[in-house]
Visitor: 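My questions all concern the structure below.
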Amino acid sequence: MLVFDQLRKADPQLRLLALMLCVGLAILSAGLWWVQVVHAREFQSQLEYQSSRTVRVPSLRGKILDRNGKVLAENRPSYNVNLYLEDLPPQFRAEYQRLAPRQIVTNRVPFWRRWLGASNVTTQYVKLDAIQKSNLTWQVRFNVASNTINEVATRLQQPRALDFADFQKHYQQRLALPYPVLKNLNDVQLARFEEQFSMTPGIDLDVQSSRIYPFETTAAHLLGYVRHDDSSAEGEFADFYYRLPDYRGQVGIEGGYDAELRGRAGAKTVLINNHGYRQTESVQEYAEIGKQVTLT
């Protein structure tokens with residue numbers, strides 16, 4: 001062939017170029033072999049043990065105005081503290097090592113090791129059966145979450161005791177979502193949180209919308225009220241794994257114009273691993289803000 005005929009010539013530059021190309025191809029082949037052969041099972045297991053969950057994201061409810069433009073019903077932000085359990089595995093491991101039962105074992109050691117000061121007494125972890133290990137794991141999770149929540153609640157001066165049954169239910173059914181800790185923080189608590197917990201692992205603020213009526217009970221029979229209802233409205237995507245808190249109008253203007261005020265809910269996709277922890281999330285459909293209703 002022409003290429004080999006050229007290489008047979010005494011051309012050191014051409015031979016150096018050919019050698020560099022061969023080395024590059026060898027490195028590329030080794031990299032492909034490393035990814036496709038050596039780590040094939042690892043990547044395959046990641047795909048098998050990852051799944052996605054869809055979450056319904058409510059829209060911002062529209063305002064109700066009187067004929068002069070005064071607000072009769074609107075929304076205000078409610079700042080809540082949430083616990084993100086997927087950020088706590090290091091604390092879980094440390095607590096597990098602390099609570100795991102140990103036993104003292106006496107071993108026979110050679111004389112020369114005893115002469116060097118080695119001890120024949122060692123401490124080993126006790127082997128647990130499946131039930132004991134499961135109970136210990138739940139205790140570890142509860143202790144870490146309870147201690148974290150108690151620290152936040154104490155500093156923000158809003159007592160909060162973690163209920164084991166409620167925590168276990170959330171962990172088993174809604175692990176991809178954050179666990180609610182404190183709700184409706186006031187300005188002082190919000191400032192304290194930003195000063196003391198803004199960089200704490202697993203703890204973060206969440207902002208949700210709550211319905212308020214500036215004139216309180218004035219014209220309540222006309223305006224109506226709202227109640228918690230997370231169901232999908234007509235025309236919305238209905239197949240969700242989780243639903244964030246939302247409202248539906250009941251009687252009066254809130255109920256009669258609920259379709260206009262409520263807007264259209266959005267959706268986000270949460271990628272979880274085989275343990276149920278959230279890995280990433282992305283917006284699937286943005287929520288559409290509800291329309292304003294002006295009375296005459």
Side-chain angles (χ1 to χ4, degrees), residues 34 38-53 81-156 158-182 196-197 199-204 241-242 270-281:
W34 183 262
V38 177
H39 288 281
R41 290 188 176 181
E42 178 182 348
F43 293 131
Q44 183 178 0
S45 63
Q46 289 181 359
L47 290 176
E48 291 176 353
Y49 292 113
Q50 285 183 343
S51 58
S52 59
R53 298 287 187 268
V81 178
N82 288 336
L83 179 64
Y84 291 83
L85 297 171
E86 66 269 16
D87 295 336
L88 300 179
Q91 289 87 332
F92 290 155
R93 288 191 293 268
E95 183 68 7
Y96 189 93
Q97 293 176 358
R98 189 183 72 85
L99 295 182
R102 298 175 176 86
Q103 61 183 359
I104 298 176
V105 179
T106 303
N107 300 319
R108 297 181 60 183
V109 296
F111 74 94
W112 59 271
R113 292 189 60 187
R114 293 199 302 268
W115 183 74
L116 292 175
S119 175
N120 63 338
V121 178
T122 58
T123 302
Q124 296 179 353
Y125 288 106
V126 177
K127 188 175 182 180
L128 305 177
D129 58 31
I131 297 178
Q132 292 174 329
K133 190 173 182 179
S134 176
N135 292 337
L136 179 60
T137 301
W138 277 114
Q139 187 62 46
V140 165
R141 293 166 180 164
F142 179 78
N143 286 357
V144 172
S146 180
N147 292 338
T148 304
I149 291 174
N150 184 62
E151 181 182 1
V152 175
T154 301
R155 294 191 184 182
L156 298 185
Q158 185 174 338
R160 169 73 157 87
L162 181 61
D163 181 72
F164 181 82
D166 182 68
F167 173 77
Q168 189 177 37
K169 180 180 179 181
H170 176 88
Y171 198 97
Q172 292 174 333
Q173 300 179 6
R174 298 170 64 88
L175 185 57
L177 297 182
Y179 184 78
V181 176
L182 301 176
Q196 303 179 27
F197 296 102
M199 301 300 292
T200 302
I203 293 293
D204 201 359
Y241 284 92
Y242 309 112
V270 180
L271 181 67
I272 63 174
N273 59 17
N274 58 315
H275 298 292
Y277 291 124
R278 182 186 61 169
Q279 298 292 102
T280 59
E281 65 178 45

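The figures that follow rest on heavy atoms only: side chains count, while hydrogens, waters and symmetry mates do not. Predicted, not measured: the structure shown is a model, and the values here were computed from it.
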Visitor: Please identify each residue that fulfils side-chain hydrogen bond (donor to acceptor under 3.5 Å, both in side chains) with Y171, with sequence neighbours left out.
Guide: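 Testing Y171 for side-chain hydrogen bond (donor to acceptor under 3.5 Å, both in side chains), a comparison that skips the adjacent residues, returns R141, Y277.
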Visitor: Can you name the residues that form a ring-ring contact (aromatic ring centres under 6.0 Å, His included) with F142, not counting sequence neighbours?
Guide: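 Residues passing ring-ring contact (aromatic ring centres under 6.0 Å, His included) with F142: F164.
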Visitor: Who passes side-chain hydrogen bond (donor to acceptor under 3.5 Å, both in side chains) against Q158, sequence neighbours left out?
Guide: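 For Q158, the residues satisfying side-chain hydrogen bond (donor to acceptor under 3.5 Å, both in side chains) (neighbours in sequence not counted) are Q189.
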Visitor: Just jot down the side chain to side chain contact (heavy atoms under 4.5 Å, CB included) partners of Y96, sequence neighbours excluded, or say none.
Guide: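 Residues passing side chain to side chain contact (heavy atoms under 4.5 Å, CB included) with Y96: A100, L128, K133, L136, T137, V140.
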Visitor: Which residues satisfy the ring-ring contact (aromatic ring centres under 6.0 Å, His included) test with Y242, sequence neighbours excluded?
Guide: none
Visitor: What do the steps show when you test N143 against L99 for side-chain contact (heavy atoms from CB on, under 4.5 Å), and what is the final call?
Guide: CA-CA 10 Å; N143 286 357; L99 295 182; 3.4 Å; yes
Visitor: Find the distance between CD1 (I272) and CD (E281) and round it off to the nearest 0.5 Å.
Guide: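 Here the interatomic distance stands at 12.5 Å.
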Visitor: For residues 82-94, which side-chain donor-acceptor pairs fall under 3.5 Å, sequence neighbours excluded?
Guide:
from : atom 1 : to   : atom 2 : distance (Å)
E86  : OE2    : R278 : NE     : 2.9
E86  : OE2    : R278 : NH2    : 2.7

Visitor: Atom CD1 of I149 and atom CG of L182: how far apart are they, to the nearest 0.5 Å?
Guide: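 Taking CD1 in I149 and CG in L182, the distance rounds to 8.0 Å.
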Visitor: Tell me the side-chain hydrogen bond (donor to acceptor under 3.5 Å, both in side chains) pairs involving residues 145-154, sequence neighbours left out?
Guide: E151-R155
Visitor: Suppose we screen for ring-ring contact (aromatic ring centres under 6.0 Å, His included). Which residues come up paired with F197, at least two apart in sequence or across chains?
Guide: F193
Visitor: If you look only at distance, which donor and acceptor atoms sit under 3.5 Å apart when one is on a side chain in residues 173-180 and the other is two or more places apart or in another chain?
Guide:
from : atom 1 : to   : atom 2 : distance (Å)
Y179 : OH     : D166 : OD2    : 2.6

Visitor: With sequence neighbours excluded, tell me which residues meet side-chain hydrogen bond (donor to acceptor under 3.5 Å, both in side chains) with Q97.
Guide: none
